[in-house]
Amino acid sequence: VQLTESGGGSVQAAGSLRLSCTAHNWMYKTYCMGWFRQAPGKEREGVASLNSNGNITYSDSVKGRFTISRDNAAAGLEQNTLFLQMDNLQPEDTAMYYCATSVLPIFCTDAGMFELGMDYWGKGSEVTVSS
């Protein structure tokens with residue numbers, strides 16, 4: 001499995017960006033998928049996640065502004081794409097955003113994604129928000 005991310009960039013406050021993460025050769029029907037972010041000098045934190053049970057979770061800091069979604073490939077489960085629509089971006093959203101996946105849906109909890117349970121990681125997309 002390889003995760004390919006795209007969509008980062010620089011915007012002014014109140015702007016929008018959409019991140020994409022394509023999972024190549026994903027052969028599993030169960031999953032936990034989502035996004036972490038890490039700002040300079042800070043620990044990595046979970047942002048949003050969804051799992052194959054239909055559970056969707058957002059961190060309090062992005063709730064109401066970010067939307068996570070997933071698009072299955074028409075050919076089946078071999079390739080599917082995860083999206084993170086980010087609206088009303090603020091300077092505190094500036095960070096490197098990482099897509100991550102696990103084959104176990106239990107690692108997407110109501111409290112967020114269990115970082116140590118992730119099986120695959122993207123290389124990261126940089127998001128910069130200026131005031």
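Model, not experiment: these values are computed from the prediction.
Minimum heavy-atom separation, Pro91 to Ser131: CG-CB, 3.9 Å. For the residue pair Ala14 and Asn88, the shortest heavy atom distance occurs at CA-OD1, 3.7 Å. Of all the heavy atoms in Ser125 and Ser6, the pair that sits closest is OG-N, 3.9 Å.
Interatomic distance, CZ of Phe36 versus OG of Ser59, reported as 11.0 Å (0.5 Å rounding). Separation of atoms CG (Leu84) and CG (Leu50) is listed at 10.0 Å; rounding is to 0.5 Å. With rounding to the nearest 0.5 angstrom, the OG1 atom of Thr109 is 9.5 Å from the CG atom of Asn51. If you take CE on Met33 and CG on Asp119, they are separated by 11.5 Å, rounding to the nearest 0.5 Å.
Counting only N and O atoms by type, the side chains of Tyr58 and Arg65 include no donor and acceptor under 3.5 Å apart. Side chains of Asp71 and Thr81: no donor on one and acceptor on the other come within 3.5 Å. Under 3.5 Å, the side chains of Gln12 and Ser130 contain no donor-acceptor pair of N or O atoms.
The shortest side-chain heavy-atom distance between Leu19 and Gln85 does not fall under the 4.5 Å cut-off. Residues Tyr97 and Glu126 fail the side-chain proximity criterion, which asks for heavy atoms closer than 4.5 Å. Counting heavy atoms from C-beta on, the side chains of Leu17 and Leu89 come closer than 4.5 Å. Looking at Val1 and Tyr28, their side chains come closer than 4.5 Å, going by heavy atoms from C-beta outward. Between Met86 and Arg18, every side-chain heavy-atom pair lies at or beyond the 4.5 Å cut-off. Residues Thr101 and Leu3 are in side-chain contact: their nearest non-hydrogen atoms beyond the backbone lie under 4.5 Å apart. Side-chain contact between Tyr98 and Arg44 is present, with heavy atoms from C-beta onward closer than 4.5 Å.
Residue pairs satisfying the disulfide bond (SG atoms under 2.5 Å apart) criterion with at least one member in residues 5-57, sequence neighbours excluded, are listed as follows: Cys21-Cys99, Cys32-Cys108.
Remark: Phe107 pairs with Phe114 by the ring pair (Phe, Tyr, Trp, His ring centres under 6.0 Å) rule, at least two apart or across chains.
Phe83 and Met96 fall into different hydrophobic clusters, where Ile, Leu, Val, Met, Phe, Trp and Tyr are joined by side-chain heavy atoms under 4.5 Å apart, directly or via other members.
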Evaluate Met113 against Thr57 for side chain to side chain contact (heavy atoms under 4.5 Å, CB included), listing each step before the verdict.
CA-CA 8 Å; Met113 299 174 72; Thr57 304; over 6 Å; no
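No salt bridge links Lys123 with Glu5; every basic N to acidic carboxylate O contact stays at or beyond 4.0 Å.
Checked options Glu115, Glu92, Glu45; the residue passing with Arg37 is Glu45 (criterion: salt bridge (Lys or Arg N to Asp or Glu O under 4.0 Å)).
In this structure, Trp35 has its ring center at least 6.0 angstrom away from the ring center of Phe66.
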